[in-house]
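Below is one structure; the comments refer to it alone.
Each ligand, and each atom within it, is numbered from 1 in the order the structure gives.
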Amino acid sequence: MNAAISRALALILIFAWIGACAAPGPRATESTIAGGLVAADHPLAAEAGAEMLSAGGNAVDAAVATSLALSVVRPDACGIGGGGFMLIRLNDDPRHGDVTIAINYRETCPAGIGPETYAEWNDPEASRRGARAVAVPGTIAGLMHALERYGTLDRETVFAPAIRIAEGGFEADEHHIRTAHSLMGYFDDDTTRRDRFPVVWNRLMLRGEIEVGDRVHLPEQARALQLIAEHGADAFYRGPIADAIVASVRADGGVLTHDDLASYEIQETEPVLHAVGRFRLLAMPPPSSGGVAVAQILDLADRLDLTIPATGWPAPDTAHGIAEAMKHAFADRARHMADPAFHDVPVETMLAEPALARTAGAIGESLDQGQTGTPESYGIAAPPVTDAGTSHISVIDRYGNAVACTETINLAFGSLVAVEGFGFCLNNQMDDFTTIPGQANAFGLIQSDANLPEPGKRPLSSMSPTIVLDEQGEVIATAGASGGPRIITSTAQVLLRGLQGNATAHQAVSAPRIHHQWLPNRLDFEPPESDPLAQAMRERGHDTGTRERIGAVQAIFRDPATGNLDGAADPRKGGGVARAER
Ligand code: GLY
């Protein structure tokens, strides 16, 4: 059979399968055949990306423009003072052919901080707020690399929407207000913090009085973006912005230097590739822990036939089995995960048949016994160590190219230190290291000594940008989330609902979620808590709790037979989906 006929037959089979899966209801909440779709956790950012698609750009151009706009409109979550991960899948690109790559632009530890530094500083706040929490930002290096190598539009075009929004201002939305309110106690407890972090207090919180609809203007950030648009990444890492970053960090007692900035380098690597049933997952390798963990959870769900419906809560045994898969994945995370440039991370072994079969066997026993285990029974050798500061972008363009990009400044408004004269917040990513051995980080995560800070090292992350391919290599889904450790569990549940339950993107993203991260040993439910399900879980030995929001996911599903796109931004964070005009 010649290749064209076999491909046509394969597409007919996939189409028939998808058609069967899609019955009885329509699949699309937002669909377009020709143009492309961007899902981001702020509508203005999604529109910035769609503007690039309408201008003839590809998924990479759209993701970069979306990220730059998010730097302005989600200053609590991500931005040019932070870092991130980007997965790119391009089909038959004229310059590179088929492309499947992962760009790691996670922040790095400054040269002046080592494994003992936080213990020596003896200040529990040092890794969370203020300049000692700041790691070397990677976002601009990552975005400029992606744009120059895989994008098609020029910097001026791609930066234009973000600069326009920063100059013209934007309305504070509910998410912004919720985040600002969450910091009120911090600023009230010690009012000197208002002078120490003036941009966050005066500009982004309007001295504690910000309300929905108030306009936020960031003309200083527009200047920074304009300089980078004109001069490229050097303006940030060597030029006037670098001078201002170092001065602002030093003024608040931090250690980041010009050398730290000038020596920052992105890493371009191959994604983790893992087959689950008929799907192939492309996921972020370490220092993301999320790529392996999402692959583990989806694989175990597939092996154990744990089928999660399109909407509503799963059946008790399914919820128990998925919670067990989460517990195993997070115990593995604590035991094995760190920056692979500094420590061996056994990704292949963790995703190999013997390990997954063994874990599936253990979960099968737990299902038979109807009981969860103690934390120690999840295979950890020895105990090693709030959604706001992260944002996820999903893009699929008219060619079926896809980008999954998750970026972060860690906690709300990062370190709270803003760069003098340029008005953007610097990250507090140092808290994602094991800063004090044996102690949990701000997300309650216990992490190993392999994740201790060392100069140039990248902290472990939960960010889980994911692209799913069908057997022919066509993109059928892209997803990812914000929410600290809940990134992993929310991304996995949305993909399970979409791939197994045939949910529309809106159904998959909106449905209620559970979360377990092994330690603390508690299974959380989103309200409205399903009392019968929570009771059924307690009967299986789980401690249960509720959590207002478990992650915020942006997902796009694609029908490879028609090219139809179905995207959703998480209503938990007030995001938006925007489509290209052509
Ligand atoms: N800062 C959140 C994460 O990278 O997991």
- Task: Among R549, R486, R547, R572, find the one that has a salt bridge (Lys or Arg N to Asp or Glu O under 4.0 Å) with E526.
- Result: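 Single pass found, and it is R572.
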Run the numbers for me: atoms of ligand 1, each under 4.0 Å from some heavy atom of [X], listed by number.
X	result
Q429	1 (N)
S461	3 (C), 4 (O), 5 (O)
S462	3 (C), 4 (O), 5 (O)
R106	4 (O)

- Geometric cation-pi criterion R132 and W121, 6.0 Å radius, 45° cone: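 Yes; both conditions hold, so R132 lies above the ring face of W121.
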- Just by distance, with hydrogens left out, do Q554 and D570 show a side-chain donor and acceptor under 3.5 Å apart?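 There is no such pair between these side chains.
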- Task: Using distance alone, with no hydrogens and no angle criterion, decide if H336 and D344 have a side-chain donor and acceptor under 3.5 Å apart.
- Result: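 No.
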- Test side-chain hydrogen bond (donor to acceptor under 3.5 Å, both in side chains) on T489 and Q517 and set out the steps. CA-CA 8 Å; T489 51; Q517 62 183 58; over 6 Å; no
- Query: Nearest non-hydrogen atom to atom 3 (C) of ligand 1 belongs to which of D432, L460, T390, N427?
  - Reply: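 The residue whose heavy atom sits nearest atom 3 (C) of ligand 1 is D432.
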- With heavy atoms under 4.0 Å as the rule, classify the contact between N410 and ligand 1 as side chain, backbone, both or neither.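 N410 to ligand 1: contacts from backbone and side chain alike.
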